[in-house]
Amino acid sequence: MPSLPSLRAPAVALLTCALLAGAAGCGDGGDGRGGRDDGGPRRVGEVLSRTDAEGHHYRRVPEEGAPEVGLIVKPQTGPAGGWEVRVRVRRFRLSPPGTPARAVEGHGYVRLYLDGRFLARPRSVDYRLPGTRLHRGTHHLTARLYADDHTVWAVADKPVEATADLTASP
């Protein structure tokens with residue numbers, strides 16, 4: 001049978017743990033995994049009540065370390081015309097098809113909008129915009145970043161996006 005002094009330290013530790021645990025739990029760092037890092041997803045940003053025009057909620061993240069996006073658009077020559085679109089991302093990776101629908105820091109997909117209407121969800125950073133999609137005049141092409149749970153990455157309550165102007169002539 002163990003002596004009293006050998007049982008006292010674990011009992012004090014358990015009692016202290018029970019008193020201090022609160023909602024976080026004892027010894028798990030508040031993550032519910034018993035202090036283990038299993039490489040799983042973490043809470044990423046704050047989901048806001050604000051949504052985009054299609055009903056996707058914004059996911060606010062701090063500006064420091066937030067993903068960034070840019071667009072490079074070049075007209076294509078030849079009878080087919082059109083534009084070569086390259087989406088440039090920083091601190092962001094496009095998720096492969098079949099990725100679970102959960103937010104993971106710096107991962108997700110891009111959606112392209114033409115004059116505010118959904119155009120495409122490219123699977124890579126390269127996209128070809130056919131000349132037949134545009135009538136004469138100036139148009140706005142926007143690339144917006146989304147988490148895999150379909151929330152919009154946002155900094156300072158604004159979506160992480162970039163817009164380029166395209167001018168189509170006959």
Side-chain angles (χ1 to χ4, degrees), residues 14 16-74 82-130 133-134 138-166:
L14 270 173
T16 302
C17 183
L19 293 173
L20 297 177
C26 186
D28 71 356
D31 61 6
R33 295 187 308 269
R36 296 182 317 275
D37 182 1
D38 63 0
R42 306 292 178 269
R43 178 180 157 89
V44 179
E46 173 188 1
V47 177
L48 307 176
S49 60
R50 182 175 182 188
T51 63
D52 66 6
E54 297 170 311
H56 300 107
H57 286 271
Y58 283 23
R59 177 176 295 280
R60 181 173 48 206
V61 293
E63 185 173 359
E64 185 178 330
E68 296 176 12
V69 65
L71 280 172
I72 299 172
V73 182
K74 295 180 184 177
W83 285 265
E84 178 186 319
V85 177
R86 172 149 299 166
V87 179
R88 303 291 304 251
V89 292
R90 186 169 174 209
R91 293 186 295 273
F92 190 79
R93 289 182 167 236
L94 294 175
S95 298
T99 298
R102 63 181 178 220
V104 175
E105 183 178 354
H107 289 77
Y109 60 92
V110 64
R111 289 174 64 107
L112 296 176
Y113 295 87
L114 184 62
D115 296 329
R117 290 185 300 276
F118 176 73
L119 174 66
R121 181 179 165 180
R123 294 286 183 184
S124 73
V125 295
D126 295 313
Y127 179 77
R128 184 182 180 283
L129 176 60
R133 296 294 307 250
L134 303 177
T138 300
H139 302 273
H140 308 289
L141 179 68
T142 301
R144 184 177 300 148
L145 299 182
Y146 289 78
D148 291 313
D149 67 352
H150 311 295
T151 54
V152 181
W153 290 111
V155 173
D157 299 340
K158 294 180 183 172
V160 176
E161 64 182 23
T163 300
D165 292 338
L166 309 173

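In this structure, His57 contributes its side chain and Leu48 its backbone to a donor-acceptor pair below 3.5 Å. Side chain of Arg91 to backbone of Ala66: a donor-acceptor contact under 3.5 angstrom is found.
A donor atom on one side chain and an acceptor atom on the other are not found under 3.5 Å apart for Asp165 and His139. A donor and an acceptor atom, one from each side chain of Asp148 and Ser95, are located under 3.5 Å apart.
In terms of heavy-atom proximity, Leu119 sits nearest to Leu114 at CB-N, 4.1 Å. Contact between Gly70 and Ala162 at its shortest, heavy atoms only, is CA-CB, 3.7 Å. In plain terms, the two heavy atoms of Arg59 and Trp153 that are nearest each other are CD-CZ3, 3.5 Å. Heavy-atom minimum distance, Ala143 versus Leu112: CB-CD2, 3.7 Å.
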Would Val44 and Val104 count as a side chain to side chain contact (heavy atoms under 4.5 Å, CB included) here? Give the steps. CA-CA 7 Å; Val44 179; Val104 175; 5.6 Å; no
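Rounded to the nearest 0.5 Å, atoms OH (Tyr113) and OG1 (Thr142) are 9.5 Å apart. Here Leu145 contributes atom CG and Glu68 contributes atom CD; the two are 10.0 Å apart, rounded to the nearest 0.5 Å. Atom-to-atom distance recorded for Arg144:CZ and His56:NE2 is 9.5 Å, nearest 0.5 angstrom. Taken to the nearest 0.5 Å, the CZ atom of Arg133 stands 11.5 Å off from the CZ atom of Arg128. Glu54 contributes atom CD, which lies 12.0 Å from atom NE2 of His150 (distance to the nearest 0.5 angstrom). Interatomic distance, Leu71 CG to His140 NE2, rounded to the nearest 0.5 Å: 13.0 Å.
Of the charged side-chain nitrogens involved, none lies within less than 4.0 Å of a carboxylate oxygen, so that Lys74 and Glu84 do not count as a salt-bridged pair. Between Asp149 and Arg102 there is no salt bridge, since no side-chain N of the basic residue sits under 4.0 Å from a carboxylate O of the acidic one.
Side-chain contact check for Pro67 versus Val89: every heavy-atom pair is 4.5 Å or farther apart. Looking at Leu166 and Leu129, their side chains come closer than 4.5 Å, going by heavy atoms from C-beta outward. With contacts defined as side-chain heavy-atom distances shorter than 4.5 Å, the pair Leu141/Trp83 does not qualify.
Within a 6.0 Å radius of CZ in Arg123, other residues, nucleotides and ligands contribute more than 12 heavy atoms.
Residues satisfying the ring pair (Phe, Tyr, Trp, His ring centres under 6.0 Å) criterion with Tyr58, sequence neighbours excluded, are absent altogether. Considering only residues two or more places apart in sequence or on other chains, Glu64 meets the salt bridge (Lys or Arg N to Asp or Glu O under 4.0 Å) condition with none of them.
The aromatic rings of Tyr109 and Tyr146 sit parallel, their planes meeting at an angle under 30°, below the 60° perpendicular limit.
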